[in-house]
Amino acid sequence: MATETAYAKINLALHVRRRREDGYHELETLFAFVDAGDVLTASTAAQDSVQVLGEFAGGLNDPFDNLVAKALGKLPRADGLAITLEKNLPVAAGLGGGSADAGAVFRIVKERFGLPEDWHARATALGADVPACVESRTCIGRGTGTELEEADDSLAGTSVLLVNPRVPLSTGPVFKHWDGEDRGALPQGDARTIALEGRNDLEGPAISLCPQIGGVLDVLHGTSPFLARMSGSGATCFALYDSTSARDVAAQQIGERHPGWWQMKGFLR
């Protein structure tokens with residue numbers, strides 16, 4: 001039996017450059033991953049199967065739209081895998097939850113059977129975030145996010161707090177509300193510099209659709225992080241702290257004042 005964490009993905013910066021003729025968007029992003037997330041348990045079986053448990057299992061009630069099952073279907077193997085998915089990350093939350101789950105499947109298959117040489121193309125076919133989630137390390141994504149470049153690990157070990165107002169927000173409508181203005185490329189420098197000097201061009205569109213995001217960001221900024229920002233297309237926001245104690249105090253205060261919000265503590269990988 002193998003256990004693999006589907007690490008929560010956050011976009012430390014997300015610059016949308018243009019809308020492409022194929023309907024997708026050209027973007028530049030700095031991916032980072034939290035050392036917590038969904039948990040997948042896999043064992044060898046006669047045929048593939050997926051069972052979903054956990055707080056957010058109800059968000060994956062369509063078995064034909066489950067990225068774990070789709071990932072299994074993309075990877076040829078000698079034996080089947082029975083996978084139990086503990087869904088700890090909210091769905092449609094800007095954390096790449098489904099993509100992270102698919103990435104974990106790729107790592108499980110790699111460990112047991114090896115991956116085909118064209119694994120990157122197979123991952124890309126599942127979603128723009130999936131190749132980065134297979135790697136689950138700090139990196140820069142270009143194109144639709146699938147063209148990956150190495151980034152330094154200067155932020156590894158940083159204390160991070162994730163907060164979501166428990167409002168699902170689909171990616172498509174947020175991109176449709178982007179105003180089409182190219183505000184420039186990712187900054188140059190190490191990961192910390194890119195994060196601090198970068199931005200998330202989808203924050204404005206997301207807040208217009210889900211005003212609660214603005215409230216979450218206001219609260220996070222009030223806890224003295226060195227960076228607070230929305231991740232992906234929302235609605236999850238993150239805050240980075242210089243100390244674990246500062247993060248834990250923030251988490252406690254937010255939990256007391258906003259008990260309905262979801263939150264997760266961790267460290268950047």
Side-chain angles (χ1 to χ4, degrees), residues 5 7-16 28-37 88-90 93-97 100 129 132 136-141 151-167 169 174 183 186-207 210-269:
T5 300
Y7 303 106
K9 176 246 13 165
I10 58 175
N11 302 85
L12 295 176
L14 176 56
H15 294 202
V16 185
E28 299 172 1
T29 185
L30 178 61
F31 290 114
F33 293 84
V34 183
D35 65 349
N88 301 318
L89 298 175
L95 296 174
D129 286 347
S136 282
R137 56 181 174 78
T138 304
C139 60
I140 292 172
D152 68 272
D153 61 355
S154 57
L155 286 173
T158 298
S159 297
V160 57
L161 176 64
L162 306 178
V163 179
N164 184 289
R166 292 188 186 272
V167 180
L169 186 59
V174 177
R183 293 173 172 81
L186 280 181
Q188 300 291 317
D190 62 13
R192 187 182 181 102
T193 300
I194 294 173
L196 290 175
E197 297 182 4
R199 59 184 190 274
N200 184 341
D201 287 330
L202 297 180
E203 261 186 25
I207 290 171
C210 178
Q212 295 95 324
I213 295 171
V216 171
L217 285 171
D218 286 344
V219 169
L220 286 175
H221 282 298
T223 63
S224 301
F226 69 82
L227 178 65
R229 186 167 287 155
M230 187 185 81
S231 178
S233 56
T236 304
C237 301
F238 65 87
L240 304 181
Y241 299 88
D242 285 318
S243 71
T244 304
S245 58
R247 179 203 63 192
D248 292 349
V249 168
Q252 182 177 349
Q253 291 176 345
I254 292 171
E256 292 171 352
R257 297 172 185 171
H258 304 277
W261 289 357
W262 172 86
Q263 58 172 272
M264 176 178 278
K265 296 187 294 185
F267 299 93
L268 295 186
R269 300 185 77 233

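The first residue in the sequence is number 1, and the count goes up from there.
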> For the residue pair Gly94 and Asn11, what are the closest heavy atoms and their distance?
O-OD1, 4.3 Å
> Counting distance only, does the side-chain N/O of Glu28 pair as donor-acceptor with the main-chain N or O of Leu186 below 3.5 Å?
yes
> Which residue, Thr244, Asp242, Asp248, forms the side chain to side chain donor-acceptor pair (under 3.5 Å) with Ser159?
Thr244
> Give, for atom CZ of Arg192 and atom CZ of Phe226, the distance between the pair rounded to the nearest 0.5 Å.
4.0 Å
> Around atom CD of Gln188, are there more than 12 heavy atoms of other residues, nucleotides or ligands at under 6.0 Å?
no
> Does a donor on one side chain sit under 3.5 Å from an acceptor on the other, for Ser224 and Tyr241?
no
> Without swapping roles, check the side chain of Arg229 against the backbone of Ala239 for a donor-acceptor pair under 3.5 Å.
no
> Return the minimal non-hydrogen interatomic distance between Val174 and Pro205, and the atom names on each side.
O-CB, 3.5 Å
> Hey, are the side chains of Gln263 and Ile254 touching, using non-hydrogen atoms and a 4.5 Å cut-off?
yes
> Might you work through the side chain to side chain contact (heavy atoms under 4.5 Å, CB included) test for Phe238 and Leu161, ending with a clear yes or no?
CA-CA 6 Å; Phe238 65 87; Leu161 176 64; over 6 Å; no
> State, with a plain yes or no, whether a side-chain heavy atom of Asp190 is found less than 4.5 Å away from one of Thr193.
yes
> Once you round to the nearest 0.5 Å, how far does CG of Leu95 lie from CZ of Phe33?
11.0 Å
> Give me the one residue out of Leu202, Asn200, Thr29 that meets side chain to side chain contact (heavy atoms under 4.5 Å, CB included) with Val16.
Leu202
> Which heavy-atom pair separates Ala235 from Cys210 by the least distance, and what is that distance?
CB-SG, 4.4 Å
> Centre of Tyr7's six-membered ring, under 6.0 Å away, within 45 degrees of the axis: is that where NZ or CZ of Arg137 sits?
no
> Does any non-hydrogen side-chain atom of Leu240 lie less than 4.5 Å from one of Leu268?
yes
> To the nearest 0.5 Å, what is the distance between CG (Leu169) and CD1 (Ile207)?
10.5 Å
> May I ask you to test the Ser136-Arg269 pair for a side-chain heavy-atom distance under 4.5 Å?
yes
> Please examine the side chains of Leu89 and Met264, heavy atoms only from C-beta on, and report whether any two atoms are closer than 4.5 Å.
yes
> Validate the cation-pi geometry between Arg247 and Phe267: distance from NZ or CZ to the six-membered ring centre under 6.0 Å, angle to the ring axis within 45°.
yes
> Taking atom types as modelled, is there a side-chain donor on Arg183 or His15 under 3.5 Å from an acceptor on the other?
no
> To the nearest 0.5 Å, what is the distance between CE (Met230) and CG (Leu220)?
13.0 Å
> For the NE2 atom of His258 and the CZ atom of Arg166, what is their distance to the nearest 0.5 Å?
14.0 Å
> Enter the distance from Thr236:OG1 to Lys9:NZ here, rounded to the nearest 0.5 Å.
9.0 Å
> Testing the 3.5 Å rule here: is there a donor-acceptor pair between the side chains of Asp153 and Thr138?
no
> Please report the closest heavy-atom contact between Leu155 and Ala195, naming both atoms and the distance.
CD1-CB, 4.4 Å
> Flag the pair Val34 / Leu162 as yes when at least one side-chain heavy-atom distance between them is below 4.5 Å, and no otherwise.
yes
> Does any non-hydrogen side-chain atom of Trp261 lie less than 4.5 Å from one of Asn164?
no
> At their closest point, which heavy atom of Thr5 faces which heavy atom of Gly37, and how far apart are they?
CG2-N, 4.0 Å
> Please evaluate residues Ile140 and Ile194 with respect to the criterion side chain to side chain contact (heavy atoms under 4.5 Å, CB included), reporting the C-alpha separation (whole Å), side-chain torsions for both, the decisive distance (0.1 Å), and the verdict.
CA-CA 10 Å; Ile140 292 172; Ile194 294 173; 4.1 Å; yes
> For a quick test of reading the model, state the closest non-hydrogen atom pair linking Ala151 to Cys139 and the distance between them.
CB-CA, 3.8 Å
